[in-house]
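Keep in mind that this is a model prediction, so the values were computed, not measured. Letters A, B, ... are given to chains in the order of the sequence lines, protein chains preceding strands, and every chain is numbered from 1.
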Number of protein chains: 2
Amino acid sequence: MTTIADIARLAGVAKSTVSRYLNGGSVGEQTMRKIERVIGETGYSPNTFAQSLKAKKTNIIGTVVPRLDSYATSKTLIGIDEKLRELNYQMFVSNTSQDLDREIESLYSLAKQKVAGIILLATKVTERHLETIQEIGIPVLLVGQQHEQIYSLIHDDFEAGKAIGRFMAKKGHKQIAYLGVSEEDIAVGVKRKQGFAGAIKEAEEVKVRYYETSFKIGDALEKVPSILEEFRPTAIVCATDNIAIGALKAAYSKGLKIPEDLSITGFGGYEITEMLNPGLTTVQFFYKEAGGMAADKIVQLVNEEEIQMLSVSDFKIIERESVDILS
Amino acid sequence: MTTIADIARLAGVAKSTVSRYLNGGSVGEQTMRKIERVIGETGYSPNTFAQSLKAKKTNIIGTVVPRLDSYATSKTLIGIDEKLRELNYQMFVSNTSQDLDREIESLYSLAKQKVAGIILLATKVTERHLETIQEIGIPVLLVGQQHEQIYSLIHDDFEAGKAIGRFMAKKGHKQIAYLGVSEEDIAVGVKRKQGFAGAIKEAEEVKVRYYETSFKIGDALEKVPSILEEFRPTAIVCATDNIAIGALKAAYSKGLKIPEDLSITGFGGYEITEMLNPGLTTVQFFYKEAGGMAADKIVQLVNEEEIQMLSVSDFKIIERESVDILS
DNA sequence: CTGAAAGCGCTTACAG
DNA sequence: CTGAAAGCGCTTACAG
């Protein structure tokens, strides 16, 4: 391994001069060329650890994710990764396997590794999060959830919920089951539902019942039959595509035809939803783009630029074949 | 930030003694207790960069992946991550977006960051890979592909192909289309096909035609109709679950009933395959477990323990409803 | 513009 | 068992 001292010796200058050259300081024309040549010949590249030891900061952005095997997470990570590369930062991902303690741990551990900033894909923000973020003193950007005290980037869950509510009303559905998730998750559990509820209130004579399940396909699969029997809805609006997939499977199992006997919608826009039979009507979020935005924002924060506390990523309804027209 | 010097001062000993204590060297009973207490009080934790600067090695295992949004990758990463945590190592993932140059780059860059070892989820091993691995002089474990010169961990693609071939023959299928991928991918493109072909040769009077598509669902979707028309198979054996999903959708679109009009199988065992209608019969691989194995192996390699050049992860046929019984 | 020197926080022979 | 000292590879005032 060649070091800065080697380069200095070979170029006949001082180490400090090489360092200055490397860091864009003022160096004479001649000196510059000599150093350039030597570096080229040796293929020198600085030791990151030595740099970090002095600099107290790296060009690494830590990304904390609750899980690795989710469509939303994967796409968001890709967006972050690609944008960060462009900006000459590296992404370090820390997986917490949906364990809140590990989320806090990760925050500390990333801080210790002197990451320049942290992107947090949280499902929930607790008092401990707030304290930790405060304590580590590193820029943190929340993605997917929002909190007034933390820079946040969210999908427009509320408006998305509203849009799908209006959509269903317009299709003439008067008896709709909304299958959501726990209100602990503000974005998915509360905002989507509220948006939906708002749209329904505007509509006339639409009866809605709200149900709750988990994020797991299997749980939706088990839940849906009882909803069908008890409420006999013409449509089920599901809070995620995975829930919708479970609902679809449940409907098949009961011998129902989609959308003739039952309409189903989701949220997310996972690629797989297009390949189902019938194709699922859903609200698409732009995870990859949001990841890119997040990368931009965190780097701005690292550079101490001013940004808004809240950024919102867009959505779009994708109309496919899983919703029947009743009106 | 408290440093080792602070601890030394507070405990009234030399820095070297503290360092020795930290690294499990021999320290007197009394000294030990003093240092212990001070560290406890200050919440000291060593600076990783300073450690790495000397140590020339970290406790980080780099994992190079071609993409982040694939079922197999996600599950494998989870397996690696969890096992590595147990072993007190950290996982650093480097995404290459299926760019071969970036794969090589990543190898160098990880080496520069002094990772202890590298797990490489490759789709292909080239001469450049070999050179790079040679050059960086860090233990590398190949996962998903095998190469005689590199420690490898593979899924049993050959036997899996054989198993599904026998399975289909036993169900009485005599006219089977095999929809594979490019032979550039030895594991998926060659081994699965060879295994399958071997099984068919054992069987009697089974006609097979081999087709090729990409890993994309959409490409399979486009490819399948022509296969159906040209060959009129009773079954399509697809080299991945995603291809099978595309085939399923194509079949729907042509108004075919599955499995009555056409049987379909995949490889992978993605969770989603259970939720399709009908549920997809497929060969399941154990990605997460394989990830755990990979983590074990690479750590053994890092510790200079002897391991076999090749490890093989198991598979299992999951029989669901997408295959008809003709015999 | 350039160089000598100190220092970042650790580890590791070496001597006692 | 313990400590003083040198060194890992870089950066950063400071002086010239």
*Residue A:T3, side-chain heavy atoms: nucleotide from D:dG9, C:dT11, D:dT2 that is nearest*: D:dG9
*Of the residues in residues 36-46 of chain B, which ones touch DNA chain C at a heavy-atom distance under 4.0 Å?*
B:Y44, B:P46
*So, does B:S106 use its side chain to make a donor-acceptor pair with the main chain of B:R102 at under 3.5 Å?*
yes
*Are B:T17 and D:dT2 close enough that a side-chain N or O sits under 4.0 Å from OP1 or OP2?*
no
*Between A:T48 and B:Q113, what is the shortest heavy-atom contact and its length?*
OG1-CG, 4.5 Å
*Determine whether the side chains of A:D81 and A:Q90 contain a donor N or O and an acceptor N or O closer than 3.5 Å.*
no
*In whole Å, what is the span from the CD atom of B:Q113 to the C1' atom of D:dG9?*
16 Å
*Hey, is the side chain of B:T31 poking within less than 4.0 Å of OP1 or OP2 on D:dT2, counting only N and O atoms?*
yes
*Locate the shortest heavy-atom distance separating B:A116 from B:V302; write the atom from each residue and the value.*
O-CG2, 3.4 Å
_Within residues 74-97 of chain A or reaching into it, pairs that qualify as ring pair (Phe, Tyr, Trp, His ring centres under 6.0 Å) - sequence neighbours excluded_ = A:F92-B:F92
*asked:* Please report the distance, rounded to the nearest Å, between NZ in A:K114 and P in C:dC8.
replied: 12 Å
N/O donor-acceptor pairs under 3.5 Å from side chains in residues 22-32 of chain A, not counting sequence neighbours:
| residue | atom | partner | partner atom | Å |
| --- | --- | --- | --- | --- |
| A:N23 | ND2 | A:S19 | O | 2.7 |
| A:N23 | ND2 | A:S19 | OG | 3.4 |
| A:E29 | OE2 | A:R33 | NH1 | 3.0 |

*Between the side chains of B:K191 and B:Q146, does any donor sit under 3.5 Å from an acceptor?*
yes
*Are A:E271 and B:K216 ion-paired here, with the side-chain N under 4.0 Å from a carboxylate O?*
no
*Integer-rounded Å distance: D:dC8 P and A:I4 CD1*: 14 Å
*To the nearest Å, give me how far apart CZ (B:F49) and P (C:dG9) are.*
12 Å
*asked:* What contact category does B:S19 fall into here, base, sugar-phosphate, or nothing, at under 4.0 angstrom with non-hydrogen atoms?
replied: base
*asked:* Between P on C:dA13 and CG on B:N23, what's the gap in Å once rounded to a whole number?
replied: 12 Å
*Take atom CG of A:L53 and atom C1' of D:dC8, then tell me their distance rounded to the nearest Å.*
9 Å
*From C:dT2, D:dC1, C:dC10, pick the nucleotide closest to the side chain of B:A50?*
C:dC10
Identify the pairs formed between an N or O of the protein and an N or O of nucleotides 4-6 of chain D at a distance under 3.5 Å, and give each distance.
| residue | atom | partner | partner atom | Å |
| --- | --- | --- | --- | --- |
| D:dA4 | N6 | B:S16 | OG | 2.9 |

_Euclidean distance, atom CG of residue A:N47 to atom C1' of C:dC10 [Å, nearest integer]_ = 13 Å
*Take atom CD of B:Q51 and atom C1' of D:dG9, then tell me their distance rounded to the nearest Å.*
16 Å
*Any Lys/Arg nitrogen of B:R85 or A:D99 sitting under 4.0 Å from an Asp/Glu carboxylate oxygen of the other?*
no
*asked:* Applying a 3.5 angstrom cut-off to the pairing atoms, does DNA chain C sit in any stems of at least three consecutive Watson-Crick or G-U pairs? List them by first number.
replied: C:1-3 with D:14-16, C:5-12 with D:5-12, C:14-16 with D:1-3
*Please check if atom CD in B:E36 has more than 12 non-hydrogen atoms from other residues, nucleotides or ligands closer than 6.0 Å.*
yes
Below 3.5 Å, can you tabulate the donor-acceptor pairs from side chains in residues 285-295 of chain A to any protein atom, sequence neighbours excluded?
none

_How close do A:V13 and A:V18 get, counting heavy atoms only, and between which atoms?_
CG2-CG2, 3.8 Å
